[in-house]
Novice: 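To start, I am sharing the structure in question, which I have written as structure tokens.
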Amino acid sequence: MNALIIIDVQYDFLPGGPLGVNNGDEIIQTINMLQSTYDLVVATQDWHPIGHKSFYTSHSNKKPFEEISLNGVNQILWPEHCLQGTKGAELVTELSTNNIEAIFRKGMDKKIDSYSGFFDNARKKATGMADYLKGRGITSVAVCGLAADFCVYYTASDALDLGFKSSIIDCATKPIDPKEFEEIKKHFQQKGGTII
Ligand code: VGL
Ligand code: ZN
């Protein structure tokens, strides 16, 4: 049984948003068409409280995209995005959601960011998505959505560590940094993942 995992298709990650991914809007129809070819469809939603420590505004004298160590974990400081309950945190209305059986929220702990849909970045807490997928008999996952070089990649990579077959759907994801994503793809394939 295979599952499609749709990562963070939220307004704040679309062009014009505070963390807008170039051409991020172009993947939505592709994701809609793909859904019917999977046994199960799930999604994630980046869902930050005000004052989340991944925001540069939560630290003094820090600029967007600066890197710091946050409780021992490397952290890129982002513009404020996906604040709980705001329009920017909503799943984009053009995304078909009728077949999405579960939505896993992440990034709710102020002290630690969460790129992967499975764990926070320190791997201290699981979202429950792995158990959910396993409970549904899923052995293989395909990951799409935003952003390719962060939440999509971390989710697909954790899926491998958790024993799933895992692929990234290249035509249904867009990176923040295209050059970085090319390197990431090589690394993911070396680890046993597939790019489709
Ligand atoms: C993401 C940075 C910060 C993502 C979420 O969805 O890729 N990136 N929060
Ligand atoms: Zn975030």
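Remember, it's 1-based here, ligands and their atoms both numbered in the order they're listed.
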Novice: Establish, from distance only, whether the side-chain atoms of Q10 and D46 form a donor-acceptor pair under 3.5 Å.
Specialist: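 Looking only at side-chain atoms, D46 and Q10 do not form any donor-acceptor pair under 3.5 Å.
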
Novice: Donor-acceptor pairs under 3.5 Å, side chain of residues 169-176 to any protein atom, not counting sequence neighbours: which ones?
Specialist:
residue, atom, partner, partner atom, Å
D170, OD1, K185, NZ, 3.3
D170, OD2, K185, NZ, 2.9
T173, OG1, G145, O, 2.7

Novice: Distance below 2.8 Å from the Zn ion (ligand 2): how many protein N/O/S atoms qualify?
Specialist: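 Considering protein N, O and S only, the Zn ion (ligand 2) has 3 within range.
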
Novice: Evaluate H48 for polar contact with ligand 1, using N/O atom pairs at a separation under 3.5 Å.
Specialist: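 No.
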
Novice: Applying a 4.0 Å heavy-atom criterion (strictly less than), which segment of I7 is in contact with ligand 1: side chain, backbone, both, or neither?
Specialist: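 It is neither; nothing of I7 touches ligand 1.
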
Novice: Going by atom types alone, do S157 and Y115 pair a side-chain donor with an acceptor below 3.5 Å?
Specialist: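 No pair is found: no donor N or O on one side chain lies under 3.5 Å from an acceptor on the other.
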
Novice: Taking F118 as the fixed residue, which of D131, D161, L133 is the one that meets the side chain to side chain contact (heavy atoms under 4.5 Å, CB included) rule?
Specialist: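 Option passing the side chain to side chain contact (heavy atoms under 4.5 Å, CB included) with F118: L133.
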
Novice: Who passes salt bridge (charged side-chain N to carboxylate O under 4.0 Å, His left out) against K134, sequence neighbours left out?
Specialist: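 Not a single residue meets the salt bridge (charged side-chain N to carboxylate O under 4.0 Å, His left out) criterion with K134.
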
Novice: What atoms in ligand 1 come closer than 4.0 Å to a heavy atom of D8?
Specialist: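 The list of qualifying atoms is 4 (C), 6 (O).
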
Novice: Could you check whether any side-chain heavy atom of D113 comes within less than 4.5 Å of a side-chain heavy atom of K53, counting everything from C-beta outward?
Specialist: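 The answer is no; the side chains never approach within 4.5 Å.
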
Novice: Under a 3.5 Å cutoff, is there a donor and acceptor pairing between the side chains of Q45 and D8?
Specialist: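 No, no side-chain donor-acceptor contact under 3.5 Å.
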
Novice: Would you check if the side chain of N2 reaches a backbone N or O of D39 as a donor-acceptor pair within less than 3.5 Å?
Specialist: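 Indeed, once roles are kept as given, a pair shorter than 3.5 Å links the two residues.
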
Novice: In the protein, which heavy atom is nearest to atom 5 (C) of ligand 1, and how far is it?
Specialist: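 Looking only at protein heavy atoms, the one closest to atom 5 (C) of ligand 1 is D46 OD2, 3.1 Å.
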
Novice: Hey, is ligand 1 close enough to H81 that some N/O pair sits below 3.5 Å?
Specialist: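 There is such a contact, yes.
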
Novice: Polar-atom distance check: L146 versus ligand 1, any N or O pair below 3.5 Å?
Specialist: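 Between L146 and ligand 1 (N or O atoms, distance only) the closest approach is under 3.5 Å.
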
Novice: Which residues pass the side-chain contact (heavy atoms from CB on, under 4.5 Å) test with P49, sequence neighbours left out?
Specialist: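 So P49 forms a side-chain contact (heavy atoms from CB on, under 4.5 Å) with H52, Q84, K110.
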
Novice: Students should be able to answer this: which protein heavy-atom is nearest to atom 4 (C) of ligand 1, and at what distance?
Specialist: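 Checked against all protein heavy atoms, atom 4 (C) of ligand 1 sits closest to C151 SG, 2.7 Å.
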
